[in-house]
Amino acid sequence: MENEISLKPFFAGQGQRPYWIAGPCSAETEEQVMETAHGLENSGIDLFRAGVWKPRTRPNDFEGVGTKALPWLRRVKEETGLKVCTEVANAHHVHESLKYGIDVLWIGARSTVNPFSVQEIADALQGADIPVLIKNPINPDVKLWMGAIERIYGAGIRQIGVIHRGFSSFGNSTYRNQPRWQLAIELKRQFPDMAFICDSSHICGNREMLFDVSQKALDLNYDGLMLEVHPNPDAAWSDAAQQITPVVFTEMLSRLRFRQSTSTDPDFLDSLESLRGQIDEIDDEILALLGSRMKLADGIGAFKKKANISILQTSRWNEILEKGVEKGAKKGLSAELVLGIFKAIHQESINRQHKIMRE
Ligand code: PEP
Ligand code: MN
């Protein structure tokens with residue numbers, strides 16, 4: 001189905017410059033919402049965010065003020081001219097948001113994970129003409145994320161974007177939600193026309209790492225950022241540690257560098273073409289070498305079978321890994337890369353030898 005999806009650009013000028021979304025995690029009071037909006041009004045943002053219904057992990061956390069905050073967002077539109085967006089998690093939220101003129105909706109990570117919720121939202125959206133942003137599910141499952149896109153598309157929505165907000169993990173991590181960039185890159189490969197927004201606030205969970213993660217997303221050619229902004233972050237009723245003031249946000253935007261995804265400069269294109277040609281040749285060599293290596297592994301498999309020797313030889317395997325990491329380091333390769341490649345090759349070798357043993 002992914003190849004049949006044909007989207008309209010999420011925002012005018014997609015690909016020209018990044019799309020900025022900012023605003024508080026939650027709408028707390030009318031004053032707090034208006035103060036944030038006025039603080040952001042001249043910062044160049046495209047969309048003002050505020051959570052009205054807040055999905056919280058524990059029941060006693062602040063769960064949002066609900067429909068009462070929708071007129072505050074309408075006031076933001078009237079007084080600042082900014083477009084506004086909020087999170088919807090069920091049909092009631094969709095109906096209320098449409099009634100109050102919310103411009104863009106987003107589906108949160110805890111809803112994307114649940115096909116029943118996404119389908120309920122999709123059914124409520126049937127016939128509506130409103131852009132929808134879909135956050136990644138909390139667990140690292142690209143198919144679930146794609147499923148949510150397909151359900152919203154199935155409701156007739158054609159302006160769809162995704163928000164990468166990172167994935168939950170067990171144990172200690174420097175991130176609140178692990179970015180696992182590869183998963184988002186895989187989704188981008190499946191949906192090349194889709195707008196990709198990085199929610200650095202929920203990936204980081206703190207202010208210190210916000211700039212670096214945001215810059216990384218822009219270097220990876222994301223179409224925009226969503227950042228949480230609050231007039232008094234430390235006193236925020238939700239996600240206090242990761243919110244920044246409008247002043248800090250505006251200063252951060254001015255420092256972020258964004259690059260064009262392509263160039264028309266012929267010198268640049270020539271050099272790029274030549275380097276890419278060399279890379280393609282090396283990739284071909286790597287594949288040819290892997291093919292030869294696997295043939296040797298098959299030979300060893302047959303040999304072990306005849307001699308009735310087990311496939312896994314731990315000491316030999318440790319020796320390969322240690323030598324590989326050492327030699328790789330001399331060529332400027334990280335241990336992470338060498339171990340990742342060797343483990344993948346070793347697994348394939350084991351699979352093939354196992355097959356030979358069974359035959
Ligand atoms: C939010 O944007 O404040 C939020 C609840 O995000 P997520 O769904 O990514 O946890
Ligand atoms: Mn939040």
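If you read the sequence from its start, that first residue is 1, and numbering goes on from there. As the structure lists them, so they are numbered: ligands from 1, and atoms in each ligand from 1.
Here the angle at the Mn ion (ligand 2) defined by OD2 in D239 and OE2 in E228 stands at 130°, rounded to 10 degrees.
In E228, the part holding a heavy atom less than 4.0 Å from any atom of ligand 1 is the side chain.
For the residue pair D239 / H230, no side-chain donor-acceptor distance below 3.5 Å is found, with atom types taken as modelled. Remark: the E186 side chain and the Q190 side chain contain an N/O donor-acceptor pair separated by less than 3.5 Å. A side-chain N or O of S214 and one of S200 form a donor-acceptor pair less than 3.5 Å apart.
Of all atoms in ligand 1, numbered sequentially from 1 with element shown, those under 4.0 Å from a heavy atom of K54 are 1 (C), 3 (O), 5 (C). Residue C25 approaches ligand 1 through these ligand atoms, each under 4.0 Å from one of its heavy atoms: 3 (O). When each atom of ligand 1 is checked for a heavy atom of H202 under 4.0 Å away, the hits are 1 (C), 2 (O), 3 (O), 4 (C), 6 (O). For ligand 1, the atoms closer than 4.0 angstrom to any heavy atom of G108 are 8 (O). Each of the atoms 4 (C), 5 (C) of ligand 1 lies under 4.0 Å from some heavy atom of E87. Close approach of ligand 1 to R110 (heavy-atom distance below 4.0 Å) involves ligand atoms 7 (P), 8 (O), 10 (O).
Below 30°, between 30° and 60°, or above 60°: for W317 and H346 the angle between ring planes is below 30°, a parallel geometry.
S201 places no side-chain N or O within 3.5 Å of a backbone atom of L227 that could act as its donor or acceptor partner.
With a 6.0 Å radius and a threshold of 12 heavy atoms from other residues, nucleotides or ligands, K83 has its NZ atom at or below the threshold. Taking a 6.0 Å sphere around CG of D284, one finds it holds more than 12 heavy atoms contributed by other residues, nucleotides or ligands. Around CG of D129, the count of heavy atoms belonging to other residues, nucleotides or ligands within 6.0 Å does not exceed 12.
Of the N or O atoms in R165, one or more lie within a sub-3.5 Å distance of an N or O in ligand 1. Distances between N or O atoms of A109 and those of ligand 1 include at least one value under 3.5 Å.
Within H202, the N, O or S atom lying nearest to the Mn ion (ligand 2) carries the name NE2.
Protein heavy atom closest to atom 6 (O) of ligand 1, with residue, atom name and distance, is K135 NZ, 2.9 Å.
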